[in-house]
Amino acid sequence: MDAIRTENLTKKYRLGWRLGRLLALENLQLRVREGEVYGLLGPNGSGKSTTLKLILGLIEPTAGQAWLFDVPCHKVASRLQVGFLPENPYFYKFLTGVETLEFYGKLCRLRGAVLRQRTDELIELVGLSHARDRRLSGYSKGMLQRIGLAQALIHDPKLLLLDEPTAGVDPIGSRDIRDLILRLKKMGKTVLLSSHLLSQVQEVCDRIGVLHLGRMILEGDVSTLISDQKRLSFTAQDLPAGGQQQVEAAIRAAGGSVVAVEHPQTTLEALFLDAVKKDPRGMKFHD
């Protein structure tokens, strides 16, 4: 069964008298399978947030249809198994982390020992045990995103919709959130992740779709899409000085050509995280 399915989903916004309509999304055909992490990519204004709002039934489509677990999205029942983290979530800053989860849990009809146990589990899952009784006014951006993920999970949904979950979060906090998404996948959750940060999506998503000006212009498995089928790379270690010329000659003799000879590079993020971890003072849990 598909967790999310859309057929010819289209949304046009009225711009006012004589200004016509803005086409925000055009004939979207989307399939998100159960248990996968799907990345919805695109620049600002491409239609990502509009897609999420349509799936959640927050706005009505101009044309087309959408289903969640085969239930039409215009029905309230379709959202019973869905958790949502918007791009800029708003929380009551006078509540603590625990109080926030208990508040949302009660909205989902959880009570008593069940709610307390669920709250404790989620506080531990998102790494906020040290700040469980701190007011949200004292939370950093990364901590607010993590409590946002916890509230989206409070009713143990099968599907999570995350709109720019690492926006404005520093590299360590961003890594924490991505690790959490991978843990959710291992737990059997389905995740639809909206983002414009390609390097982050590459690490967690099974499949991606690229939106541009309201249209899906590219879709497929991440590993297949990023693989350059025209080139083949060999990595050698401790190669003698004269060995490079022999390898290059062998490649030419086999009918290929040497495009580049260089040392592999790490990423700036990996370099940053490694430097922090190697700090002799130790890496404290990030707030």
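Computation of the quantities below employed the complete heavy-atom set of this structure, encompassing side-chain atoms and omitting hydrogens, waters and symmetry-equivalent molecules.
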J.: For Y13, give me all partners under ring-ring contact (aromatic ring centres under 6.0 Å, His included), at least two apart in sequence or on another chain.
T.: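 Testing Y13 for ring-ring contact (aromatic ring centres under 6.0 Å, His included), a comparison that skips the adjacent residues, returns none.
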J.: Is it the case that the side chains of E124 and S129 hold a donor-acceptor pair, with the cut-off being a distance below 3.5 Å and no angle test?
T.: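 Yes - a donor-acceptor pair under 3.5 Å links their side chains.
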J.: Please report the interatomic distance OG1(T190) to NZ(K158), rounded to the nearest 0.5 Å.
T.: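 The OG1 atom of T190 sits 8.0 Å away from the NZ atom of K158.
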J.: Do L41 and V201 touch side chain to side chain, with heavy atoms closer than 4.5 Å?
T.: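 Side chain of L41 against side chain of V201, heavy atoms only: contact under 4.5 Å found.
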J.: Taking the side chain as every heavy atom from C-beta outward, state whether L28 and N8 have any pair of such atoms under 4.5 Å apart.
T.: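 SC-SC contact between L28 and N8 ruled out.
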J.: How close do V169 and G173 get, counting heavy atoms only, and between which atoms?
T.: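 Taking every non-hydrogen atom into account, CG1-C, 3.4 Å.
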J.: Does any non-hydrogen side-chain atom of L25 lie less than 4.5 Å from one of L211?
T.: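 L211 vs L25: side chains touch.
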J.: What I'd like to find out is whether the side chain of L110 reaches to under 4.5 Å of the side chain of T119, using heavy atoms alone.
T.: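 Result no, sub-4.5 Å side-chain heavy-atom pair not found.
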J.: So, T100 side chain and T96 main chain: donor-acceptor pair closer than 3.5 Å or not?
T.: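 Between the backbone of T96 and the side chain of T100 there is a qualifying donor-acceptor contact (under 3.5 Å).
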J.: Kindly work out whether a path of hydrophobic side-chain contacts (I/L/V/M/F/W/Y, heavy atoms less than 4.5 Å apart) joins L15 to L213.
T.: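 No, it is not one cluster - the side chains of L15 and L213 are not joined through contacts under 4.5 Å.
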J.: If you look at every heavy atom in L40 and M216, which pair is closest and at what distance?
T.: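 For L40 versus M216, the nearest heavy atoms are CD1-CE, 4.4 Å.
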J.: Do you know which of I177, L192, L149 makes side chain to side chain contact (heavy atoms under 4.5 Å, CB included) with L162?
T.: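 Among I177, L192, L149, the one meeting side chain to side chain contact (heavy atoms under 4.5 Å, CB included) with L162 is L149.
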J.: Provide the closest heavy-atom pair for Q151 versus L101 in the form atom of the first, atom of the second, distance.
T.: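 Closest approach of Q151 to L101, heavy atoms only: N-CD2, 3.6 Å.
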J.: Do the side chains of I154 and R118 get nearer than 4.5 Å, heavy atoms only?
T.: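 The answer is yes, as the side chains (C-beta and beyond) meet within the 4.5 Å cut-off.
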J.: About how many Å separate OG of S174 and NZ of K141, when rounded to the nearest 0.5 Å?
T.: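 Taking NZ in K141 and OG in S174, the distance rounds to 12.0 Å.
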J.: I'd like to know whether CD of E60 has more than 12 heavy-atom contacts from other residues, nucleotides or ligands below 6.0 angstrom.
T.: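 Not buried by this count: 12 neighbours or fewer within 6.0 Å.
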J.: Taking all non-hydrogen atoms of both residues, which atom of A150 and which atom of V126 are closest, and how far apart?
T.: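 Reported closest heavy-atom pair: CB-CG1, 4.0 Å.
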J.: Within the side chain of T62, is there an N or O that forms a donor-acceptor pair under 3.5 Å with the backbone of K12?
T.: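 Pair found, side chain donor or acceptor close to backbone of K12.
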J.: Considering only heavy atoms from C-beta outward, does the side chain of D176 approach that of R146 to under 4.5 Å?
T.: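 Counting from C-beta outward, D176 and R146 do come under 4.5 Å.
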J.: Please report the interatomic distance CG(L182) to CE(M187), rounded to the nearest 0.5 Å.
T.: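 Here the interatomic distance stands at 12.5 Å.
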J.: Less than 3.5 Å apart, which donor and acceptor atoms pair up between the side chains of residues 71-85 and the rest of the protein, not counting sequence neighbours?
T.:
{"from": "S78", "atom 1": "OG", "to": "K75", "atom 2": "O", "distance (Å)": "2.7"}
{"from": "R79", "atom 1": "NE", "to": "L56", "atom 2": "O", "distance (Å)": "3.3"}
{"from": "R79", "atom 1": "NH1", "to": "L56", "atom 2": "O", "distance (Å)": "3.2"}
{"from": "R79", "atom 1": "NH1", "to": "C73", "atom 2": "O", "distance (Å)": "2.9"}

J.: Considering all heavy atoms of both residues, which atom of P157 and which atom of A152 are nearest to each other, and what is their separation?
T.: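 Reported closest heavy-atom pair: CG-O, 3.3 Å.
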J.: State which residues pass side chain to side chain contact (heavy atoms under 4.5 Å, CB included) with L218; sequence neighbours excluded, sorted by chain then number.
T.: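 Checked L218 against side chain to side chain contact (heavy atoms under 4.5 Å, CB included); matches are V210, L225.
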J.: Distance from I208 atom CD1 to E219 atom CD, nearest 0.5 Å?
T.: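 Between I208 CD1 and E219 CD, I get 9.0 Å after rounding to 0.5 Å.
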J.: Let me check something: do I59 and L23 share a hydrophobic cluster, defined by ILVMFWY side-chain heavy atoms less than 4.5 Å apart, either directly or through other members?
T.: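 No, it is not one cluster - the side chains of I59 and L23 are not joined through contacts under 4.5 Å.
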J.: Mark yes when over 12 heavy atoms from residues, nucleotides or ligands other than R111 sit less than 6.0 Å from its CZ; otherwise mark no.
T.: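 Yes - once you tally the heavy atoms of other residues, nucleotides and ligands closer than 6.0 Å, there are more than 12.
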J.: Distance check, rounded to the nearest 0.5 Å: L193 atom CG versus Y38 atom OH?
T.: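 Answer rounded to 0.5 Å: 11.5 Å.
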J.: Please check this pair: side chain of D170 against backbone of I172, looking for a donor-acceptor N/O pair closer than 3.5 Å.
T.: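 Yes; at least one donor-acceptor contact below 3.5 Å.
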J.: Under 3.5 Å, which donor-acceptor pairs do the side chains of residues 30-37 form with other protein atoms, sequence neighbours left out?
T.:
{"from": "R31", "atom 1": "NH1", "to": "T6", "atom 2": "O", "distance (Å)": "2.9"}
{"from": "E36", "atom 1": "OE1", "to": "R207", "atom 2": "NE", "distance (Å)": "3.1"}
{"from": "E36", "atom 1": "OE2", "to": "R33", "atom 2": "N", "distance (Å)": "2.8"}
{"from": "E36", "atom 1": "OE2", "to": "R207", "atom 2": "NE", "distance (Å)": "3.4"}
{"from": "E36", "atom 1": "OE2", "to": "R207", "atom 2": "NH2", "distance (Å)": "2.8"}

J.: Scan for salt bridge (Lys or Arg N to Asp or Glu O under 4.0 Å) pairs involving residues 179-199, sequence neighbours excluded, and state none if there are none.
T.: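 Residue pairs passing salt bridge (Lys or Arg N to Asp or Glu O under 4.0 Å), neighbours aside: D156-K189, K185-D206.
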J.: Decide side chain to side chain contact (heavy atoms under 4.5 Å, CB included) for K106 and L115; before the verdict, give the C-alpha distance in whole Å, the side-chain angles of both, and the deciding distance to 0.1 Å.
T.: CA-CA 8 Å; K106 290 177 180 178; L115 176 56; 3.8 Å; yes
J.: Could you verify whether a donor N or O on one side chain and an acceptor N or O on the other, from E99 and Y104, lie under 3.5 Å apart?
T.: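 Result is no, nothing qualifies.
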J.: For residues Q145 and E164, report the shortest heavy-atom separation together with the two atoms involved.
T.: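 In this case the closest contact between Q145 and E164 is NE2-O, 3.8 Å.
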J.: Just say parallel, tilted or perpendicular for the rings of Y92 and Y90, cut-offs at 30° and 60°.
T.: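 Ring orientation of Y92 relative to Y90: perpendicular.
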J.: Shared ILVMFWY cluster between I4 and W67, side chains joined below 4.5 angstrom?
T.: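 No, I4 and W67 fall in different hydrophobic clusters.
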J.: Less than 4.5 Å apart, any side-chain heavy atom of K93 and any of Y139?
T.: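 No; the side chains remain at least 4.5 Å from each other.
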J.: Let me confirm one number: the CG-CZ distance from N27 to R215, rounded to the nearest 0.5 Å.
T.: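 Result: 8.0 Å between the selected atoms.
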J.: Could you pull out all donor-acceptor pairs under 3.5 Å where a side-chain atom in residues 46-54 meets a protein atom, sequence neighbours excluded?
T.:
{"from": "S46", "atom 1": "OG", "to": "P43", "atom 2": "O", "distance (Å)": "2.8"}
{"from": "K48", "atom 1": "NZ", "to": "G42", "atom 2": "O", "distance (Å)": "2.9"}
{"from": "K48", "atom 1": "NZ", "to": "P43", "atom 2": "O", "distance (Å)": "3.3"}
{"from": "S49", "atom 1": "OG", "to": "D163", "atom 2": "OD2", "distance (Å)": "3.1"}
{"from": "T51", "atom 1": "OG1", "to": "G47", "atom 2": "O", "distance (Å)": "2.8"}

J.: Could you check whether any side-chain N or O of R21 sits under 3.5 Å from a backbone N or O of R14, counting only pairs where one atom can act as donor and the other as acceptor?
T.: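 Side chain of R21 to backbone of R14, a donor-acceptor pair under 3.5 Å: no, none is there.
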